[in-house]
There are 2 protein chains.
Amino acid sequence: MTDLAPSKAEQVHARLKEEIELGELAPGASLSELWLVERTGASRTPVREALRRLAAEGLVDLVPRQGARVSRVSARSVRDLFEFRTLLEPAAVRQATEAAGADPGLHREFAAMRDAFAGTLDQAPSTARSRSFYELADRFDWAVIRAARNEHLRRTIAELRPHTARLRNLSHLDPQRVEVSVGEHLAVCDALLAGDADGAAAALVEHLQRSVETIFRNLAGSPWEDLDLLG
Amino acid sequence: MTDLAPSKAEQVHARLKEEIELGELAPGASLSELWLVERTGASRTPVREALRRLAAEGLVDLVPRQGARVSRVSARSVRDLFEFRTLLEPAAVRQATEAAGADPGLHREFAAMRDAFAGTLDQAPSTARSRSFYELADRFDWAVIRAARNEHLRRTIAELRPHTARLRNLSHLDPQRVEVSVGEHLAVCDALLAGDADGAAAALVEHLQRSVETIFRNLAGSPWEDLDLLG
DNA sequence: GTATGCAACCCTGTATACAAGACCCGCCGA
DNA sequence: TCGGCGGGTCTTGTATACAGGGTTGCATAC
């Protein structure tokens, strides 16, 4: 309604964020303002603004008088990320459980997602299925974030999302993992729908634990394996 | 060594941040770029950059095509802030406790702070004592943040600090509160120094609980009382 | 052959000019 | 008298010019 034209700064920000998330801009890649100007067609002002925003989100490192680089991935950064998510997301899912208990519409929304997850298991394993699963998982994450009532919690978790997505995209998708991950999501959904906040939180912690293990396993076979582990 | 000259953007950012923290720029105050240019002597580019950074930190609200305002304080924002701190800071103090147990130098540092807190009780109640106590409490908070080993946790807690400080400055200092607060800090210190992570976390939660109660009590007598409670 | 100093290039930090949207106030019509 | 419309002004969004620091690579001296 308000903005039929998102600002160029926002466009550049969104594009760079996506490219970093997808791994098209590799960790450590240098991002000169001039190069970005050529690539995006915007001028230096919006490019600078986008870079600063990305730096605030931790997706690029900004060295004064020297420029920007895509932030690196290290074993430590992965550990920190998942440890932090393990602190935040159970709290969010607890709040979401309470919210779903109080709001029938929200409850139905989560129920629909539970069914969608269950439906995933009927499809034969394939990259397409992995894709649609990850999309669904993403929508679920967003639903939980939105249902959390604490503004700081929402913002902070939302800011972590691109980091997680990047890790998933840097490691190669593991079709095996999808089966298990669907089950973990179902467990979270079931507990949430039953109003069992503790159960939902515990199931989520379980999921995060498995996820980080998978990422470490898969990262070991990726080109980024030896990128930097100086954390 | 590297920067004998902090960039103007950084200077403007630091100045605005401090003024917002101190309440000199009241919640809701409009921050036109041109006005800031006049006040700071910098040009619009660094001013804009500072505003964007402050917006990312939640200290100003940025409405596209319309400008920036100092972010408002509502009952809900206070609740959200302390609820979030209650989630994060116990984790940080746990990590700090472990760190102090492993690093004698760090342990001594915290021991010195404990003694400094104890020394505060010998002084007669006065604004000067309140001031020096809050300074000390601030240094303690920073020490805990630094000792935490998780990067995300550190950054996020550090980002919340200005919000808390602003609330303290918007409500009037309560000399009564200092006595109690010193005791709470001593409890956290003692547990931390004893290697009792759970105890330190619990003491900190207790402190946060009392703090938010005090703030609500004091805010009720301040000019901001009716500012907006639409949270 | 290696180390050191210098110079040219490139980059970011800053200032400012230009474009375009948003708001306010006054006018006109019902 | 009230509501809608239009122009003017102010504000932000964007582009670009200018200045200063950093880096790199080469030349020269040891």
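Numbered from 1 within each chain, the chains take letters A, B, ... in sequence-line order. What you see below is based on every heavy atom in this structure, not just the backbone, and it leaves out hydrogens, waters and symmetry mates.
Of the residues listed (E57(A), E49(A), K8(A)), the one engaging H13(A) in a side chain to side chain donor-acceptor pair (under 3.5 Å) is E57(A), and it is the only one. Test T156(B), L208(B), V205(B), I157(B) against R85(B) for side-chain contact (heavy atoms from CB on, under 4.5 Å) and you get one pass: L208(B).
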side-chain hydrogen bond (donor to acceptor under 3.5 Å, both in side chains) for R177(A) and S211(A)? Distances and angles first, verdict last. CA-CA 9 Å; R177(A) 168 76 184 137; S211(A) 294; 3.1 Å; yes
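In this structure a side-chain-to-backbone donor-acceptor pair under 3.5 Å is present from T40(A) to L36(A). Remark: side-chain polar atoms of R44(B) are not paired, donor with acceptor, to backbone N or O of V37(B) under 3.5 angstrom. Formation of a donor-acceptor pair under 3.5 Å by the Q95(B) side chain with backbone atoms of R149(B) is found in this model. Under a 3.5 Å cut-off, the side chain of D80(B) and the backbone N or O of N150(A) do not form any donor-acceptor pair.
Atom CD of E38(B) is separated from atom C1' of dC10(D) by 13 Å (rounded to the nearest Å). K8(A) has its NZ atom 8 Å from the C1' atom of dT14(D), to the nearest Å. Whole-Å rounding puts the E33(B) CD to dC10(D) C1' distance at 12 Å. In this structure, CD of E10(A) is placed 15 Å from C1' of dT14(D), rounded to the nearest angstrom. Between R44(B) atom CZ and dA19(C) atom P the separation is 14 Å, expressed in whole Å. Atom CG in L36(A) sits about 15 Å away from atom C1' in dC10(C), given to the nearest Å. With rounding to whole Å, L31(A) atom CG is found 16 Å from dC10(C) atom C1'.
Contact check of residues 59-66 of chain B against DNA chain C (heavy atom, cut-off under 4.0 Å) returns R65(B), Q66(B). For the segment residues 46-55 of chain B, residues with any heavy atom less than 4.0 angstrom from an atom of DNA chain C are, sorted by number, P46(B).
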Bracket string, DNA chain C, 5' to 3' - pairs by Watson-Crick or G-U geometry under 3.5 Å, | interstrand: ||||||||||||||||||||||||||||||
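Taking the six-membered ring where the residue is Trp, F84(A) and H152(B) present parallel rings, their angle staying beneath 30° rather than reaching 60°.
More than 12 heavy-atom neighbours from other residues, nucleotides or ligands sit within 6.0 angstrom of CZ on R39(A).
One finds the CZ atom of R166(A) at 3.5 Å from the OG atom of S71(A) (value rounded to the nearest 0.5 Å).
Positionally, the nearest nucleotide of DNA chain C for A68(A) lies more toward the 5' end than for the other of T45(A) and A68(A).
Residues V178(A) and S130(A) come closest through the heavy atom pair CG2-OG, 3.5 Å.
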